[in-house]
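Order of listing sets the numbers, starting from 1, for every ligand and every atom in it. These numbers come from the heavy atoms of this one structure, side chains and all, not from hydrogens, waters or symmetry mates.
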Amino acid sequence: MEATLNKTNNEVKQEESLNLFTSTQIVIKDALEKLGYAEEFYELLKEPLRMLTVRIPVKMDDGRVEIFTGYRAQHNDAVGPTKGGIRFHPEVDEDEVKALSIWMSLKCGIVDLPYGGGKGGIICDPRQMSFGELERLSRGYVRAISQIVGPTKDIPAPDVYTNSQIMSWMMDEYSRLRENDSPGFITGKPLVLGGSHGRETATAQGVTICIEEAAKKKGIDLVGARVVIQGFGNAGSFLAKFMHDAGAKVIGISDALGALYNPDGLDINYLLDCRDSFGTVTNQFENTITNQELLELECDILVPAAISNQITATNAHNIKASIIVEAANGPTTLEATKILTEREILLVPDVLASSGGVTVSYFEWVQNNQGYYWSEEEVAEKLRSIIVRSFNNVYDLSQSRDVNMRLAAYMVGARKMAEASHFRGWV
Ligand code: NAD
């Protein structure tokens with residue numbers, strides 16, 4: 001009986017990704033209506049143009065052959081080639097990959113890159129696989145999707161549980177198939193294979209710049225401002241360092257196991273030394289608090305940088321921050337967005353706040369195409385100028401149209417795709 005009452009992890013996950021997908025569609029519809037586009041624009045943009053499902057046979061170390069399922073979604077290529085990461089995770093599913101490809105389109109539109117959005121994923125658990133198995137899986141995936149990807153068609157990148165080593169194998173496989181060296185096929189490569197400076201910290205840099213701009217709007221001085229960050233992985237840990245270096249007081253951080261809180265400010269450099277490669281640190285401390293308590297702490301700036309659906313109608317009334325900047329994808333539900341907007345909390349949405357990663361990926365592709373590479377300072381300066389411009393573009397639209405920043409960001413992102421699709425004569 002209990003088994004029928006309790007949802008399995010997979011069922012919960014499917015519901016979440018369905019929620020992410022349907023709530024993305026709802027906001028796109030709102031955005032297109034506000035912009036005055038006819039219904040057929042929504043019909044075009046509500047789903048990816050192309051969704052490829054592939055089956056990848058991989059010889060495992062124990063001699064068995066395992067068949068993995070993978071996806072590649074291409075949301076809209078009216079503006080230019082599609083672009084987006086590849087996720088290796090046991091809970092990857094079709095709806096999640098579709099939703100993430102739409103978000104990539106929106107992000108590219110918001111920061112004004114010459115791309116549409118794409119996304120890929122393979123159902124697998126890389127934590128349980130050997131190096132050799134991962135290499136064979138990565139190469140098999142590239143062979144399976146090679147007809148629809150390429151430097152002028154669709155450019156992959158890293159995402160959850162994929163990294164520069166996996167990008168290197170994928171680039172090598174593609175180069176072999178095409179019989180020429182193709183560094184612009186994929187981004188997130190190591191520097192020696194044509195990677196860009198600043199790629200690893202790009203998402204956290206972008207979030208930092210959004211925090212600086214949002215703090216200016218709210219009249220908050222970052223020096224001494226109290227910051228709470230949920231998640232201490234790639235995005236959260238670099239962000240904690242940047243906030244600490246900017247003079248802010250990081251009073252709370254968390255991981256999947258719990259949260260740490262010190263009203264006088266945590267010792268971020270010490271915590272960075274303690275964290276493991278999966279972003280876990282709280283297991284080394286006593287007196288931890290829960291993630292729910294963390295989100296409701298008295299603070300100036302709250303950054304969800306872990307997983308989706310964290311700020312909901314249940315806790316949105318209890319959030320004390322004046323600014324929320326979403327580093328994670330989909331951490332706030334639509335009901336919660338409404339409550340926070342009514343409470344005049346400035347919410348900087350994921351599609352804007354976490355666009356630093358794809359922006360530096362674009363820089364990598366540009367450098368690969370021109371064969372000329374930029375210094376770390378040039379990358380940082382170009383990233384800053386794009387994020388500052390994009391933030392203010394979305395903020396100004398939200399003010400002039402009296403809508404929240406999520407809807408304004410979707411309006412900016414969707415307008416570019418709609419215009420390009422219209423000029424091409426598609427709608
Ligand atoms: P990561 O895997 O490096 O770290 C995730 C962190 O979240 C870890 O500290 C983990 O312990 C914590 N976490 C996991 N489950 C949790 C839970 N139930 N409650 C609280 N904390 C939990 O991931 P990341 O690359 O830092 O990405 C974090 C978020 O930012 C994701 O939503 C991701 O999609 C988004 N994002 C990341 C990038 C990037 O470049 N890294 C770019 C865009 C968006």
- Message: Treating N163 as the side-chain partner and I166 as the backbone partner, does any N or O pair qualify as donor plus acceptor under 3.5 Å?
- Response: yes
- Item | Residue and atom name of the nearest protein heavy atom (relative to atom 34 (O) of ligand 1), distance in Å to one decimal | N329 ND2, 2.9 Å
- Query: At what distance is the nearest protein heavy atom to atom 41 (N) of ligand 1, and which residue and atom is it?
  - Reply: N234 OD1, 3.2 Å
- Would you please classify the geometry between the Y362 ring and the W365 ring as parallel, tilted or perpendicular, with 30° and 60° separating the classes? tilted
- Does A327 approach ligand 1 within less than 4.0 angstrom via side chain, backbone, both or neither, non-hydrogen atoms only? backbone
- Item | Output field: ring centroids W169/F131 closer than 6.0 Å | yes
- Task: Give, for atom NZ of K119 and atom OG of S105, the distance between the pair rounded to the nearest 0.5 Å.
- Result: 11.5 Å
- Message: So does P183 get a backbone contact from the side chain of K189, meaning a donor-acceptor N/O pair under 3.5 Å?
- Response: yes
- ligand 1 N/O within reach of A306 N/O, cut-off under 3.5 Å: yes
- Message: Checking the N or O distance criterion of under 3.5 Å, is ligand 1 in contact with K107?
- Response: no
- D77 side chain to G80 backbone, donor-acceptor under 3.5 Å: no
- What is the closest protein heavy atom to atom 13 (N) of ligand 1, and at what distance does it sit? A256 N, 3.6 Å
- If you have a sec, work out which protein heavy atom is nearest atom 18 (N) of ligand 1 and how many Å separate them, to one decimal? I307 CD1, 3.1 Å
- Query: Using a heavy-atom cut-off of under 4.0 Å, does the side chain or the backbone of N291 touch ligand 1, or both, or neither?
  - Reply: side chain
- Any side-chain donor-acceptor pair under 3.5 Å between N291 and Q310? no
- Query: Under a heavy-atom criterion of less than 4.0 Å, does Y161 contact ligand 1?
  - Reply: no
- Query: Counting only N and O atoms by type, is there a donor-acceptor contact under 3.5 Å from the side chain of Q205 to the main-chain atoms of G198?
  - Reply: no
- May I ask which of G258, P331, A235 has a heavy atom nearer to atom 26 (O) of ligand 1 than the others do? A235
- Can you list the atoms of ligand 1 that are under 4.0 Å from a heavy atom of G279? 8 (C), 9 (O), 11 (O)
- Query: Side chain or backbone of Q310 under 4.0 Å from ligand 1, or both, or neither, by non-hydrogen atoms?
  - Reply: neither
- Report yes or no: do R199 and S361 form a side-chain donor-acceptor pair below 3.5 Å? yes
- Contact check: V160 vs ligand 1, nitrogen or oxygen atoms, below 3.5 angstrom: no
- Item | atom 2 (O) of ligand 1 touched by protein heavy atom at under 4.0 Å | no
- Item | Those atoms of ligand 1 less than 4.0 Å from some heavy atom in D255 | 9 (O), 11 (O), 20 (C), 21 (N), 22 (C)
- Just let me know how S237 lines up against ligand 1, side chain, backbone, both or neither, with a heavy-atom cut-off below 4.0 Å. neither
- Nearest non-hydrogen contact to atom 28 (C) of ligand 1 from the set A305, S277, G233, G236 belongs to A305
- Please state whether G357 comes within less than 4.0 angstrom of ligand 1, counting heavy atoms only. no
- Message: Donor-acceptor check, side chain of N368 to backbone of G371, threshold 3.5 angstrom: yes or no?
- Response: no
- Scan side-chain atoms only and decide if N392 and K217 contain a donor-acceptor pair under the 3.5 Å cut-off. yes
- Item | Polar side-chain atom of T280 near backbone of D276 as donor-acceptor pair, under 3.5 Å | no
- May I ask you to check if ligand 1 and T280 share an N or O to N or O distance below 3.5 Å? no
- Query: Nearest protein heavy-atom contact for atom 39 (C) of ligand 1: which residue, which atom, what distance?
  - Reply: T203 OG1, 3.3 Å
